[in-house]
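Every chain is numbered from 1 and lettered A, B, ... according to where its sequence line falls, protein lines coming before strand lines. Since the structure is predicted, the reported quantities are computational estimates derived from the model, not experimental observations.
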2 protein chains.
Amino acid sequence: MAVTLKDISAACGISICSVSQVLSGSPRAQELSAATRKRILSTARDLGYCRNELARSVVTGKSNIVSVIVNNFTAFPPILDGICAAALEHDLTIKFISLHHGQGLSRSLLSVRQYRSVGLLGVAFEKAQLSVLDEHFLPYRIPAVVANTGVLMPGVPVVSTDQAGATCLALEHLYQLGHRKIACLGSVPPRCAAYETFMRDAGLTPRIFSERPDVYPELCKSDPDAVFCCTDNTGVQLLQWLYQQRIFIPESFSVMGFGGLELSEACSPTLSTVQEPFFDIGYQMLKILHDLIHGRSVPQHLQLPARLLPRDSTAERLPAT
Amino acid sequence: MAVTLKDISAACGISICSVSQVLSGSPRAQELSAATRKRILSTARDLGYCRNELARSVVTGKSNIVSVIVNNFTAFPPILDGICAAALEHDLTIKFISLHHGQGLSRSLLSVRQYRSVGLLGVAFEKAQLSVLDEHFLPYRIPAVVANTGVLMPGVPVVSTDQAGATCLALEHLYQLGHRKIACLGSVPPRCAAYETFMRDAGLTPRIFSERPDVYPELCKSDPDAVFCCTDNTGVQLLQWLYQQRIFIPESFSVMGFGGLELSEACSPTLSTVQEPFFDIGYQMLKILHDLIHGRSVPQHLQLPARLLPRDSTAERLPAT
DNA sequence: TTGTAAGCGTTATCAT
DNA sequence: ATGATAACGCTTACAA
């Protein structure tokens with residue numbers, strides 16, 4: 001079995017209590033003589049002591065464990081990286097729960113409470129899944145923060161991309177390249193709304209197409225200068241179809257995505273897009289959760305700015321020939 | 001504070017001890033009368049009891065926590081899904097540690113032991129990172145299993161794709177399409193080796209090119225029927241370059257990837273590839289770890305079969321014109 | 001400056 | 001068929 005406080009206490013003839021205080025950095029440790037402190041610390045090191053977080057949590061009634069519920073891991077990996085980075089800073093430990101396991105769902109959600117998690121993070125929840133929070137956790141008043149969901153729940157802060165800002169960033173890019181007939185492909189509500197506003201404000205006529213592949217011909221027939229796609233996935237699909245038709249981009253028209261997902265760099269041509277700040281979203285989620293746990297007041301909806309990622313699918317509008 | 005055994009004990013006038021046995025499904029609970037059992041279970045439900053895993057672990061000296069160390073979350077998400085799925089079945093809880101945080105590394109590795117993890121899983125380790133296992137965990141005899149690494153460590157089982165099998169699957173596909181001048185692009189040792197063997201066995205001349213983009217022209221000049229790329233990433237890069245040159249695939253030659261990563265479906269044309277069984281790899285890792293923990297004997301190197309994923313970048317060889 | 005003792009929520013051993 | 005009692009490793013009044 002591992003080295004315990006008792007072992008250290010015995011080894012250097014100091015009471016367990018003092019050993020605990022020194023090793024856990026309690027303020028009262030300062031009252032001990034420097035000599036004892038040094039002795040305790042060095043024997044702890046010699047013996048290879050490693051604090052038992054479980055026992056500590058039993059005593060304090062709270063663990064340093066934050067449970068993160070994800071839809072699946074493929075969704076937004078960088079968010080998880082951000083969460084982990086922040087967890088390290090705040091001395092929290094991350095426990096993961098994946099939602100896609102039908103029968104075992106309630107059992108795996110139970111473990112959040114079994115381990116006395118101090119808080120809960122939800123990544124990429126769909127609307128229906130938000131009710132999970134309601135049912136399983138709201139009654140227990142476990143602080144929670146969610147990311148990338150359109151729905152707002154009272155008392156559950158949301159961290160997300162500034163969708164309107166990101167949309168404008170994309171459209172501004174197209175506009176500055178000289179494009180005026182800018183179509184919108186897709187149906188993500190906040191992005192379509194921001195598109196309409198932008199176009200109206202610029203004195204242009206908005207034209208929104210469904211992201212279904214069977215409207216691509218119609219889209220092309222409308223002879224756009226540029227197409228703003230509501231998601232990278234839609235953008236990639238469009239590019240693939242255009243490739244099959246031997247319609248070349250950006251010569252024929254410019255194409256813009258949204259997200260900055262890995263696949264936006266894999267297509268031909270590489271897709272110009274706006275990069276959602278996934279890492280930061282994760283990082284801020286945990287920071288807000290940490291504040292929430294410590295009773296500090298937090299923003300109900302934190303919107304982080306996206307970054308323009310110009311690549312090969314956009315180019316200056318050719319002067320009419 | 002949460003409901004405890006003591007509360008239940010008080011509520012139904014049964015000793016804590018009996019309550020514990022019933023609620024944790026101890027065999028000795030069978031000796032209690034059915035009536036008492038029922039009473040305990042129902043009051044537990046009424047009071048909303050939720051077992052404190054932390055306290056339980058303090059007593060038993062082991063937690064049900066498995067620590068998973070990942071390079072970063074973008075690497076192989078489906079592996080993590082597989083791990084989570086298996087964890088649910090074996091009643092284990094998953095704690096994550098991300099490696100890419102320079103300064104805090106040893107602190108975050110410490111938490112593996114602080115939480116008395118029963119086992120360790122390593123995903124997508126690079127050679128250098130394997131030493132982390134050596135230094136930090138081997139001395140403590142924490143059972144470990146790693147995935148997707150070329151290096152074998154004594155006593156640390158590896159789960160991976162059957163690389164030779166997967167390579168043959170890809171090459172067989174090209175061969176059956178009629179291709180004979182099959183080039184290899186890349187430098188993943190087991191895949192290049194399997195390529196050479198396959199070609200020799202088929203009486204064909206192997207020709208291996210570096211994956212560096214500046215050899216693409218040379219590759220094309222060698223006029224291959226098909227190109228086997230050691231990774232999807234290489235395949236995608238090649239396709240992007242070919243697109244820029246307006247060299248069309250699969251008309252000019254067939255291109256094959258390796259991995260089945262998301263991006264292999266985003267390129268133009270979609271990349272034919274062999275799908276590595278990532279989910280299964282994760283699932284089996286945890287299963288093996290579980291066996292290891294319970295002292296059962298386990299395979300030192302489990303190789304799982306890949307699946308052929310024919311897409312648009314491969315086609316039958318045109319009869320010479 | 002240091003120690004004693006109680007307690008956290010469990011499980012385990014041994015009685016009854 | 002059920003209960004006392006100790007123990008796990010730690011923190012935290014309170015005492016000396």
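Look at NZ on Lys6(A): it is 12 Å from C1' on dA6(D), rounded to the nearest Å. Atom-to-atom, CD of Glu31(B) to C1' of dA12(C) comes out at 14 Å; the value is rounded to the nearest Å. Going from atom CD1 of Ile8(A) over to atom P of dG3(C) covers 14 Å, rounded to whole Å. The distance from atom CD1 of Ile16(B) to atom P of dA4(D) is 10 Å, rounded to the nearest whole Å. Per the geometry, CG belonging to Leu32(A) stands 11 Å off C1' belonging to dG3(C), to the nearest Å.
Non-hydrogen atoms lying under 4.0 Å from DNA chain C are contributed by Ser20(B), Ser24(B), Arg28(B), all within residues 20-30 of chain B. The stretch residues 39-64 of chain B comes close to DNA chain D through Val58(B), Val59(B), each having a heavy atom under 4.0 Å from the strand.
In this structure, Arg307(A) contributes its side chain and Pro277(A) its backbone to no donor-acceptor pair below 3.5 Å. Using modelled atom types, one side-chain atom of Ser9(A) and one backbone atom of Ile14(A) make a donor-acceptor pair closer than 3.5 Å. Arg107(A) places a side-chain N or O within 3.5 Å of a backbone atom of Leu88(B) that can act as its donor or acceptor partner.
Between Phe96(A) and Phe96(B), the ring planes are perpendicular. Angles over 60° get that label, and only those under 30° would be called parallel.
Shown here are the side-chain hydrogen bond (donor to acceptor under 3.5 Å, both in side chains) partners of Arg51(A), two or more places apart in sequence or in another chain: Glu53(A). When the side-chain hydrogen bond (donor to acceptor under 3.5 Å, both in side chains) test is applied to Tyr283(B), the partners found at least two apart in sequence or on another chain are Glu89(B). Contacts of Arg45(B) classified as side-chain hydrogen bond (donor to acceptor under 3.5 Å, both in side chains), with partners at least two apart in sequence or in another chain: none.
Here the nucleotide nearest the side chain of Cys17(A), chosen from dA12(C), dT2(D), dT12(D), is dT12(D). The side chain of Leu5(A) approaches dT11(D) more closely than any other nucleotide in the set dA1(D), dT11(D), dT11(C). For Ser15(B), counting side-chain heavy atoms from C-beta on, the closest listed nucleotide (dG3(D), dG3(C), dG9(D)) is dG3(D).
Put simply, the side chain of Arg113(B) does not reach to within 4.5 Å of the side chain of His136(B), judged on heavy atoms.
Annotation: the terminal axes of the helix from dT1(C)-dA16(D) to dT16(C)-dA1(D) meet at 40°, where each axis is the rotation carrying the C1' atoms of four end pairs onto the next four (5 pairs per end, rounded to 10°).
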Residue pair Ser57(B), Thr60(B): steps toward the side-chain hydrogen bond (donor to acceptor under 3.5 Å, both in side chains) verdict | CA-CA 5 Å; Ser57(B) 294; Thr60(B) 60; 4.9 Å; no

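No side-chain N or O of Ser26(B) forms a donor-acceptor pair with one of Gln21(B) less than 3.5 Å apart.
When Ser117(B), Ser108(B), Ser111(B) are each tested for a side-chain hydrogen bond (donor to acceptor under 3.5 Å, both in side chains) with Ser67(B), only one passes: Ser117(B).
Residue whose closest nucleotide on DNA chain D sits further toward the 5' end, between Ser18(B) and Arg116(B): Ser18(B).
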